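Each chain gets a letter, A, B and so on, in the order its sequence line appears, and its residues count up from 1. The structure presented is a predicted model; accordingly, all values stated were derived computationally and were not measured. Quick note: numbers below take in every heavy atom, side chains included, and nothing from hydrogens, waters or symmetry partners.
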Amino acid sequence: MAVTNAEIAAIFNRIADLLEIQDENPFRVRAYRNAAHMVQGLSRSLAEMVEQGETLEALPTIGKDLAAKIREIAATGSLRKLKQLQTMVSPGLVDLLKVPGLGPRRLRTLRDYLNIQNIEELEKAARQGLLRQLPGFGVKTEQNILRELSELQQRTRRFLWAEVEEIAEQLLTYLRQLPGVKRVEMAGSYRRRRETVGDLDILVSTSRNAPVMDAFVSFASVERVISKGTTRSTVVLRTGLQVDLRMVPQVSFGAAWHYFTGSKAHNIAVRVMGVQRGLKVNEYGIFDKQDKRIAGRTEKEIYAQMGLQWMEPELREQRGELEAAAQGRLPKLITENDLRGDLHCHTTTSDGQDSLEAMAKAAQQMGHDYLAITEHSQHLRVARGLSADTLLAHCDAIDALNEKLKGIRLLKGVEVDILEDGSLDMPDYVLQRLDICLGAIHSAFGLSEQKQTARVIRAMDNPRFNVLAHPSARLIDKRSACRLDMEQIMDAALARGCCLELNSQPRRLDLNDVHCRMAKERGLKVVISTDAHSADQLGYLRYGVAQARRGWLEKDDVLNSRRLAALLKALQR
DNA sequence: GCCGTTTTCGGCCCGACTGTTTTCAGTCG
């Protein structure tokens, strides 16, 4: 089976961990991490590039050595270099890197003085008070390690973007009303709209010495203060979410906002561009040889110094956005306003919580031109899926309601189960009556890549099939993506006039950003839908739009940016 | 281990905070 890019990235990251523990040249370690990061964001399969004899060395961060390693992984599924390193470092030691406060130096001290090889041994030694005697350690470090160990699971957890949205807004409101505060903004992965965030980064600038830090650490939801300084403080909220706050002078706000928005890889690339121009770039601004600040008040100034257009935070992942900006070819990212309707939702007739009428009314209030009603099919018992007859009756109800509605059109649809053999869980004579047919995998998630891919393509062979809903079937942090050859599926969809959905449910966000980009590059249209199970959830569209933006999608890449007539035409295969 | 408008060798982003030191190393972002 073809090796995935994610597997290759995982191998490179593991090698970087092992090299780091061994006190290897830190730049060599970084080379592996850079390569892993690049591979993760690549919208083409490396295994396939190897198979077609393409030169991997043309990829950024990949030189002769790493190209050979990728070829070895593609051919054998593993890497001798990794196996060899694994014999030199005990596997438990790598886990210790996950303990906040423990880096490679302290790890080696632990191993060399106390022969500590894993988390259990570390905890035992800390309880016995052995760590405080080690060079560079003390009583406080020992206590910190013990506390981190007890909170390890919670602290390493990432949160869904949507889970932290409310507290992020509360923090902004709280900080903005403090006296002397000029400006407060979110930065970090939250601003870049990553599907999950590890912490919140907040920037504040004040007009005078306002006691913002004191106010911040006494915010109601704060459970513990990790650090508190004059320019930076870190707290942990009761939910386990870490929040960093930075104070920056207004003259540096743009530089700081850019810097703390990241991504890290994007920042490093920008700093390297600065170095090439003889400039120093940091969170306080851009400085020339005489250490004179020549930019920093706005992000636009920062990019302009590098000869670049300002770019949306969602693009800043070091996936070609700097090159695109240099050429003036940045995408004009889609916005929620570009969408004219929603093509996936449920009502009380299957497993939704609101009636047909309520859903229609809510969609109309959102300004939608159309809303597709797409109940489950009968194979999905837990969701009270509809039989052929019930769906036909439901169609009658939709037709009747459409007669009464003004300003919005309900589309008759279905979210039909793709059965294990690739057939659809609804007879063709029923599908024929519908405006739109979504197909989805809700069972047999564990098939081999070959079988799963064939299953989906066979489903798309049915000429009534329009949209592959939540294509990978993943649930973030709950269920991994099905093994699918996504490139093959996209090519098949394109050939058959089908689309792929970007499902906006916060735990799905499926397609992911890399897959959106992959679709765009092929000219395959994407549908951004909510899969709403209540009227409130129709608002989830904003999460899907954010993910689409991370995947560089523009208005024309998205099918439901079209008016009703054009949409209906496109649904005729 | 990568990379090149100063380079095929010698660089590789940079600052804040903590804790352990008594001027700085380690870690983090």
Side-chain angles (χ1 to χ4, degrees), chain A residues 12 15-16 19-20 23-38 56-70 81 96-110 131-145 147-148 155-156 187-190 192 197-203 213 225-235 242-248 252 255-256 258-287 289 302 306-307 318:
Chain A
F12 284 171
I15 288 180
L19 291 175
E20 199 164 33
D23 203 16
E24 256 284 2
N25 176 356
F27 298 107
R28 196 167 164 227
V29 174
R30 186 190 296 172
Y32 277 99
R33 295 213 195 281
N34 287 344
H37 182 263
M38 188 281 300
L56 304 173
E57 288 88 342
L59 294 168
T61 75
I62 302 298
K64 215 174 144 188
D65 183 274
L66 288 179
K69 289 193 166 68
I70 291 170
K81 167 97 180 171
L96 291 182
L97 277 178
K98 295 196 193 97
V99 181
L102 281 188
R105 277 323 263 259
R106 286 183 173 152
L107 224 64
R108 277 199 300 282
T109 304
L110 291 170
L131 303 189
R132 63 183 68 178
Q133 316 155 12
L134 300 174
F137 286 69
V139 175
K140 266 210 143 131
T141 309
E142 187 176 85
Q143 285 167 349
N144 284 343
I145 287 173
R147 195 183 52 227
E148 292 297 352
R155 285 289 305 284
T156 50
S189 52
Y190 184 82
R192 300 202 314 282
V197 297
D199 61 11
L200 290 179
D201 297 284
I202 307 177
L203 289 193
M213 288 305 184
V225 180
I226 290 187
S227 69
K228 180 167 173 263
T230 52
T231 65
R232 195 186 105 191
S233 296
T234 300
V235 301
Q242 183 175 311
V243 185
D244 293 351
L245 184 140
R246 269 114 173 158
M247 291 268 272
V248 294
S252 299
H258 175 258
Y259 178 69
F260 290 113
T261 295
S263 65
K264 194 175 174 186
H266 175 91
N267 285 346
I268 290 175
V270 170
R271 285 194 178 181
V272 168
M273 291 177 82
V275 171
Q276 285 165 353
R277 287 168 161 75
L279 303 170
K280 187 175 75 170
V281 181
N282 62 30
E283 57 264 52
Y284 297 107
I286 299 185
F287 300 86
K289 286 263 183 353
I302 301 297
M306 304 301 155
Q318 180 60 353

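- Between the A/Arg277 side chain and the A/Met306 main chain, a donor and an acceptor come within less than 3.5 Å of each other.
- For B/dG15, the base has no donor-acceptor partner in the side chain of A/Tyr284 [N/O atoms by modelled type, under 3.5 angstrom].
- Distance from the side chain of A/Val272 is smallest to B/dC13 among B/dG1, B/dT27, B/dC13.
- If you check B/dG19, B/dG26, B/dG1 against the side chain of A/Phe27, the one that comes closest is B/dG1.
- In this structure, of B/dG29, B/dC14, B/dG19, it is B/dC14 that holds the atom nearest to the side chain of A/Asn282.
- To the nearest whole angstrom, the two C1' atoms, one in B/dC17 and one in B/dT6, are 36 Å apart.
- Between the P atom of B/dT6 and the NZ atom of A/Lys289 lies a distance of 10 Å, rounded to the nearest Å.
- When each of B/dG29, B/dC12, B/dC2 is scored by its nearest atom to the side-chain atoms of A/Arg30, the top-ranked nucleotide is B/dC12.
- Remark: side-chain polar atoms of A/Glu142 are paired, donor with acceptor, to backbone N or O of A/Arg132 under 3.5 angstrom.
- Taking atom CG of residue A/Asn267 and atom C1' of nucleotide B/dC12, one finds them 16 Å apart after rounding to whole Å.
- The side chain of A/Lys280 has B/dC14 as its nearest neighbour among B/dC28, B/dC2, B/dC14.
- Counting only heavy atoms from C-beta on, A/Pro100 has its side chain closest to B/dC28 among B/dC28, B/dC17, B/dT27.
- Comparing B/dG26, B/dG1, B/dG29 by their nearest atom to the side chain of A/Arg246 picks out B/dG29.
- For A/Tyr190, the ring pair (Phe, Tyr, Trp, His ring centres under 6.0 Å) partners are A/Trp161, not counting sequence neighbours.
- Each of B/dC13, B/dT20, B/dG29 was ranked by its minimum atom distance to the side chain of A/Lys140; first place goes to B/dT20.
- Nucleotides B/dA16 and B/dG11 are separated by 25 Å at their C1' atoms, to the nearest Å.
- For B/dT20 and B/dG26, the C1' atoms lie 10 Å apart once the distance is rounded to whole Å.
- Between B/dT18 and B/dC3, the distance separating the two P atoms is 38 Å to the nearest Å.
- A distance of about 24 Å separates the C1' atoms of B/dG29 and B/dT23, rounded to the whole Å.
- Taking the six-membered ring for Trp, A/His266 and A/His258 have ring centres closer than 6.0 Å.
- Atom name C1', nucleotides B/dG1 and B/dT5: the rounded distance is 24 Å, in whole Å.
- Only the P atoms considered, B/dC9 is 31 Å distant from B/dG15, to the nearest whole Å.
- Taking atom CZ on A/Arg33 and atom C1' on B/dC13, their separation rounds to 16 Å, with Å as the unit.
- When each of B/dG26, B/dC2, B/dG15 is scored by its nearest atom to the side-chain atoms of A/Arg232, the top-ranked nucleotide is B/dG15.
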How does DNA chain B read in dot-bracket, base by base from 5' to 3', with Watson-Crick or G-U pairs under 3.5 Å and | used when the partner is on another strand? ((((....)))).((((((....))))))

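- Each of A/Arg106 and A/Asn25 has a nearest nucleotide on DNA chain B; the 5'-most of these lies closest to A/Asn25.
- Not one N or O on the side chain of A/Arg232 forms a donor-acceptor pair closer than 3.5 Å with the backbone of A/Asp244.
- Comparing A/Leu279 and A/Leu107, the nucleotide of DNA chain B nearest to each residue sits closer to the 5' end for A/Leu279.
- Side chains of A/Arg33 and A/Lys264 form no contact here, defined as non-hydrogen atoms less than 4.5 Å apart.
- As a whole-Å value, the separation of A/Tyr32 OH from B/dC2 C1' is 11 Å.
- Within the structure, a side-chain polar atom (N or O) of A/Asn144 is placed less than 4.0 Å from OP1 or OP2 of B/dG19.
- Remark: P of B/dC12 and CD of A/Gln276 are 13 Å apart, rounded to the nearest angstrom.
- Distance A/Tyr259 OH to B/dG15 C1': 7 Å, rounded to the nearest Å.
- With B/dC17, B/dC2, B/dG15 as the candidates, the nucleotide lying closest to the side chain of A/Asp65 is B/dC2.
- A/Leu245 places its CG atom 17 Å from the C1' atom of B/dC28, with the value rounded to the nearest Å.
- Between B/dG19 and B/dC12, the distance separating the two P atoms is 30 Å to the nearest Å.
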